[in-house]
**Student:** 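First, the structure itself, so that you have it in front of you.
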There are 2 protein chains.
Amino acid sequence: MSRKVTIQDLAEQLKLTTGTVSRALNNHPRISDSTKKTVLELAEKLNYRPNRLASSLRLGKTNIIGVIIPSAEINFFGSVVHGIESLASTYGYNILLYQSNESEQYEQKAIETFTDVRVDGILASIAKNTHDFSHYLNLRNKGIPLVFFDRSQDMLNIPAVLVDDFKGGYIATEHLLKQGYKRVAHISGQQHLKIFRDRLNGYLAALQAAGITPDETLIYSGSVSIQSGKDAMEYFTGLTNPPDAIFAVEDFTALGVIKAAKEKNIRIPEQLGIIGFANESFDEHISPALSSIDQQTVQMGKEAFALLLKLMDDKKNDGLKKINVILEPLLQVRQSSMVLKSQG
Amino acid sequence: MSRKVTIQDLAEQLKLTTGTVSRALNNHPRISDSTKKTVLELAEKLNYRPNRLASSLRLGKTNIIGVIIPSAEINFFGSVVHGIESLASTYGYNILLYQSNESEQYEQKAIETFTDVRVDGILASIAKNTHDFSHYLNLRNKGIPLVFFDRSQDMLNIPAVLVDDFKGGYIATEHLLKQGYKRVAHISGQQHLKIFRDRLNGYLAALQAAGITPDETLIYSGSVSIQSGKDAMEYFTGLTNPPDAIFAVEDFTALGVIKAAKEKNIRIPEQLGIIGFANESFDEHISPALSSIDQQTVQMGKEAFALLLKLMDDKKNDGLKKINVILEPLLQVRQSSMVLKSQG
DNA sequence: TTGAAAGCGCTAACAT
DNA sequence: ATGTTAGCGCTTTCAA
């Protein structure tokens, strides 16, 4: 196990000082071409590699950013992390990953770790069980830039990259109407969460834009689960005037609808159109394939890093300015709502 | 933005030296309880936080491990990373994440970055396009412990955590036979990859253990894709003596089989039993739900970290000993191969 | 253009 | 039990 070669070693062999060698290695303007050349050559020959700990300690910059996600096991976040890391590495940044497991306590530990390691910035998606946000707010005093993605908290006034859930609800509903469905229902999510309220409001707005007065009996208060979709179907089929299409708040809810429809021998999309939200990977593999709203996860990661980079670059701002990046939700049409194609 | 408080600051205020303060903070044995108490109190009060860069530089230990995966967007790896990070964080280790994008070049960059940052160890899953492994082998000289997971390379003699693919193929086939299927076919994967050869061999061994002579016409040379499953079905249905069950090398291949079977009005599992491999998240959501072999991804991550930890702890070994951890594949029975239940 | 010297913040050997 | 001192490897100011 060979001892690591340091700037010191290079300097001694070349009868130079460490300062000069450092300048040569870092392409300093005032250094002769000849010494630069010899230094680089010897460095190459001896397999010299800089010690980033040392330079980080000296410079006060690590080129590492901390990323907090609820769980790497959740597709959505894996995908966002993919986006973050891809862009970050092209800028010479590395990712320190921490999972919150949806717990406030882990989140605090993550931030403590990150500040101890002196990361240059932090990207985070807030844990579901976080109620006290002081650990996030404290980052401002410490001068560590922070950007939220996917899950944010408006009142904190911290930059975030989000999907436009209102618009998502709008285009999902609009799509069903354009397909010719007349009575479009909605299975909503827990209303204390803003994203679900937004989707509901998007639904309502799309109806109104089409000159349709929302029918309260067509809005089922559900949640994100297969069971919720099944329950909703139980309710809807019991109506004297049932819907002919459903916009479900999330793909798993939509999946429940599909399962229930099959049991009840209701044909999709002929008798009932259905669209979900999230564009889960199973959507295209079930039958009928499920239409959905894509949340641009990879792009979200890239935008989040890009925004963080901006904040890290110009410290004057240091996060005081509230900048939000809102991503467009994308309509992904598949069999479950494709009236024309399915007749062929 | 408050300046960071250092050990120096604590020492001055308490009229102690930095050495003593450091000892107090680190719970050194020879330190009086009283000074320890006052130091800790002031640290608390001033919100002192250690600079891990400085201590890492001094100690030559970062408590960071590097993790190389092909892509965080692939479910499988997200899940493994979840396992790694979960266990690592309980041991005070943090994860530096790098994606290889299946490229040898990125892999090399990852290792360069990791050594520059002075990670204490590395966990990696080899990129598909890696042919030269010297960057991995060089880690040995550098004294950086390395453990492979999921994708390894036997000849390198580097510790690895793997799933027993032979056994996976065996129990998948055995399961179909126990369900009463008589002619069990196999759709194989690319045979230059060891994992796929192993699954095929497991299939053959299970047949022989049941006293069945393998029938070459029941082995279709396929690959991991939906199309491959469809092609296989085209082939199998054309046989004069077609199979009544299929073990597909991977879930996507099995999915192709199911889609083709539906088109051909072949009932699953009554007329044709089917089992895949990987336990993809869509398995339980398609219909019929797909039986599969679970690869224990989260456990794989934990085992990988546990093994790395062992190597990091006792440097004498430093990876010279070849230790492999082989995980048991788990049978996951669902509708697609459940003869009894499906008759109910 | 290069050298000299100091210091980023911490820890550990050695001394008392 | 505490103080002293040196040094991890690097960068940068100041001086020549």
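Throughout, a chain's letter reflects where its sequence line sits, starting with A, and its residues are numbered from 1. Just so it is clear, the model here is predicted, and its values are computed rather than measured.
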**Student:** How would you list, by chain and number, every residue that makes a side chain to side chain contact (heavy atoms under 4.5 Å, CB included) with Arg118(A), sequence neighbours excluded?
**Tutor:** Thr62(A), Lys4(B), Asn51(B), Leu53(B)
**Student:** Kindly state which residues belonging to residues 32-48 of chain A come within less than 4.0 angstrom of DNA chain D, counting heavy atoms of the residue only, listed by number.
**Tutor:**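 Only Tyr48(A) qualify.
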**Student:** Quick one: list whatever passes ring pair (Phe, Tyr, Trp, His ring centres under 6.0 Å) with Tyr93(B), sequence neighbours left out.
**Tutor:** Phe305(B)
**Student:** Could you state the atom-to-atom distance from CD of Glu12(B) to P of dG9(C) in whole Å?
**Tutor:**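 Roughly 12 Å, once rounded to whole Å.
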**Student:** Tell me: CG of Leu10(A) to P of dC10(D), nearest whole Å?
**Tutor:**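 My rounded result for the distance is 8 Å.
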**Student:** Name every residue in residues 17-26 of chain B that has at least one heavy atom under 4.0 Å from any atom of DNA chain D, in order of residue number, or write none if there are no such residues.
**Tutor:** Thr17(B), Thr20(B), Arg23(B)
**Student:** Over how many whole Å does the gap from Asn63(A) atom CG to dC10(D) atom P extend?
**Tutor:**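 Atom CG in Asn63(A) sits about 16 Å away from atom P in dC10(D).
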**Student:** Mind checking ring pair (Phe, Tyr, Trp, His ring centres under 6.0 Å) for Tyr136(B) and listing every partner two or more places apart, or none if nothing turns up?
**Tutor:** Phe148(B)
**Student:** For Tyr106(A), enumerate each residue passing the ring pair (Phe, Tyr, Trp, His ring centres under 6.0 Å) test, keeping only those at least two apart in sequence or located in another chain.
**Tutor:** none
**Student:** I need the CG-P distance between Leu57(B) and dC10(C), as an integer number of Å.
**Tutor:** 12 Å
**Student:** Rounded to whole angstrom units, what separation is found between the CZ atom of Arg30(A) and the P atom of dG3(C)?
**Tutor:** 15 Å
**Student:** Could you tell me the separation between the NZ atom of Lys15(B) and the P atom of dT4(D), rounded to a whole number of Å?
**Tutor:** 14 Å
**Student:** Here's a test of your reading of the structure: between Pro29(B) and Ala54(B), which maps to the more 5' nucleotide of DNA chain D?
**Tutor:** Pro29(B)
**Student:** Just how far, in rounded Å, is P of dG7(D) from CG of Leu59(B)?
**Tutor:**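 After rounding, the gap between these two atoms is 17 Å.
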**Student:** Assess the side chains of Asn94(B) and Arg52(B): does a donor N or O sit below 3.5 Å from an acceptor N or O?
**Tutor:** yes
**Student:** To the nearest angstrom, how far is Leu53(B) atom CG from dC10(D) atom P?
**Tutor:** 14 Å
**Student:** Considering residues at least two apart in sequence or located in another chain, which fulfil the side chain to side chain contact (heavy atoms under 4.5 Å, CB included) criterion with Lys128(A)?
**Tutor:**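 Lys128(A) satisfies side chain to side chain contact (heavy atoms under 4.5 Å, CB included) with Glu102(A), Arg151(A) once adjacent residues are dropped.
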**Student:** Got a sec, which residues hit salt bridge (charged side-chain N to carboxylate O under 4.0 Å, His left out) with Asp33(A), two or more places apart in sequence or on another chain?
**Tutor:** none
**Student:** Between the side chains of Thr130(A) and Glu107(A), does any donor sit under 3.5 Å from an acceptor?
**Tutor:** yes
**Student:** If you look only at distance, which donor and acceptor atoms sit under 3.5 Å apart when one is on a side chain in residues 37-49 of chain B and the other is two or more places apart or in another chain?
**Tutor:**
unit_1, atom_1, unit_2, atom_2, d
Lys37(B), NZ, Glu41(B), OE2, 3.4
Thr38(B), OG1, Ser34(B), O, 3.3
Thr38(B), OG1, Thr35(B), O, 2.9
Arg49(B), NH1, Asp116(A), OD1, 3.1
Arg49(B), NH1, Asp116(A), OD2, 2.6

**Student:** Which nucleotide in the list dA12(C), dT2(D), dC10(C) gets nearest to the side chain of Ile31(B)?
**Tutor:**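 Selected nucleotide (nearest to the side chain): dT2(D).
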